[in-house]
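Step one of this worksheet: look at the structure below.
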There are 2 protein chains.
Amino acid sequence: MSNIEANYIAKLRNSGLRPTKQRIKICEVLFNREKTFHFSISELIKIIQSQHNQKISLATVYNTVHAFRKKGYLKEISIGNDISYFDTNTSSHHHFYDEYTRELIDIDSQEVEIKKTPTPPAGKKIKDIEVTFKISKKF
Amino acid sequence: MSNIEANYIAKLRNSGLRPTKQRIKICEVLFNREKTFHFSISELIKIIQSQHNQKISLATVYNTVHAFRKKGYLKEISIGNDISYFDTNTSSHHHFYDEYTRELIDIDSQEVEIKKTPTPPAGKKIKDIEVTFKISKKF
DNA sequence: ACATACTTTATAATAGTTCTAAACTATAGT
DNA sequence: ACTATAGTTTAGAACTATTATAAAGTATGT
Ligand SMILES: [Mn+2]
Ligand SMILES: [Mn+2]
Ligand SMILES: [Zn+2]
Ligand SMILES: [Zn+2]
């Protein structure tokens, strides 16, 4: 057993999730990365099947992603209105988004400064600010 | 025939869309308003049926909304990842969004100022900036 | 090893949306 | 006004993402 794997097992146990081989594999795919990972369920399944030559059932992938989201290890992203996207960066942050390629890229908080924020409607308060910079190919 | 109706007929014709009674009715529901209207297809159908006591088939409502979007009279909004929302404000603008009530409210451009914008990835340019101010009930 | 609660899985169900094809209708040409 | 035609509406089927079901499998405490 690798060090990385042992680490995921410990983290899963600490979260009250049994470290099954499916969950450990999904941890490796999702969290063993340099950069933030943005993905859809179908993309995740493709990676597991092609790169890791393992088959995890559709229901389990959904169950696991939702379990990780509930535990705060994944954030669901509201981009596009057809399929769900998830983000391994669970902090409040901004994105570049290419509508054509449907690619999301994280932006460092310090790269964006909002000078003026609007007054929220009566009885409501601002909980979070998310900026999407829509990008496209330069010609 | 009312003045308003005649106006929609002219606009539909100018857009190359035949002014059917279904399209005229949908125009009235969508565009005969003081404020920007944010809606889902099912909300739109409910309004047509309850407030106007008219039945327009589901397929026609979808067809019409998409036709209007293609002509630039509606904008599709990427909020939530389950159902599609549309916006009668087709300009680039920012929103308040209450995740709990799923309510969208437009923000005047002058109410938001972005001081610092990030450098886009190589080969890409920023096409649009959209800020979502997530709001919730104040306690 | 055993009991048990948790997990995985194939499959069915659900929900939003799009497709299909037949009936209907607006419109241009006569 | 009549007709031909292309555009439109419609009910229902098909499709796709997601969630529910329930039976088989597995991790874990004793
Ligand atoms: Mn959908
Ligand atoms: Mn969906
Ligand atoms: Zn992100
Ligand atoms: Zn708006």
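Numbers restart at 1 for each chain; the letters A, B, ... are given by sequence-line order, proteins then strands.
Residue B/L58 is classed as a base contact, given a heavy-atom separation below 4.0 Å to a base. Counting any heavy atom pair closer than 4.0 Å across all strands shown, A/T20 reaches sugar-phosphate atoms only and no base atom.
Rounding to whole angstrom units, CZ of residue A/R13 and P of D/dA27 are separated by 10 Å. Whole-Å rounding puts the A/R69 CZ to D/dT18 P distance at 12 Å. Rounded to an integer number of Å, the gap from A/N63 CG to D/dT26 P is 17 Å. For the pair B/E43 CD and C/dA15 P, the interatomic distance rounds to 17 Å; values are reported in whole Å. One interatomic measurement links the two molecules: CZ of A/F68 to P of C/dT7, which rounds to 11 Å at whole-angstrom precision. In this structure, OH of A/Y85 is placed 15 Å from C1' of D/dT18, rounded to the nearest angstrom. The interatomic distance linking A/I56 (CD1) with C/dA10 (P) rounds to 12 Å, in whole Å. In this structure, B/L44 atom CG and C/dT17 atom P are separated by 12 Å, rounded to whole Å.
Ring geometry for B/F31 versus B/Y8: interplanar angle of 30 to 60°, hence tilted. Using cut-offs of 30° and 60° for the angle between ring planes, the B/H95 and B/H93 rings count as perpendicular.
Checking the phosphate oxygens (OP1, OP2) of D/dT18, no side-chain nitrogen or oxygen of A/H66 falls inside 4.0 Å. Taking only side-chain nitrogens and oxygens, A/T60 never comes nearer than 4.0 Å to OP1 or OP2 of C/dT7. OP1 and OP2 of D/dT9 both lie 4.0 Å or more from every side-chain N or O belonging to B/R18. Close to C/dT17, at under 4.0 Å from its OP1 or OP2, lies a side-chain N or O of B/Y62. Checking the phosphate oxygens (OP1, OP2) of D/dA17, no side-chain nitrogen or oxygen of A/S42 falls inside 4.0 Å. Contact annotation: B/K55 side-chain N/O to D/dA11 OP1/OP2 distance is under 4.0 Å.
Closest contact between the side chain of A/Q22 and the listed nucleotides C/dT8, C/dT11, D/dT9 involves C/dT8.
With the nearest nucleotide of DNA chain C identified for both B/S84 and A/K21, A/K21 has the one nearer the 5' end.
With contacts defined as side-chain heavy-atom distances shorter than 4.5 Å, the pair B/S136/A/K125 qualifies. Annotation: side chain of B/L44 is in contact with side chain of B/L30 (closest heavy-atom distance under 4.5 Å).
Judged purely by distance below 3.5 Å, without hydrogens or angles, the side chains of A/S78 and B/Y97 never pair a donor atom with an acceptor atom.
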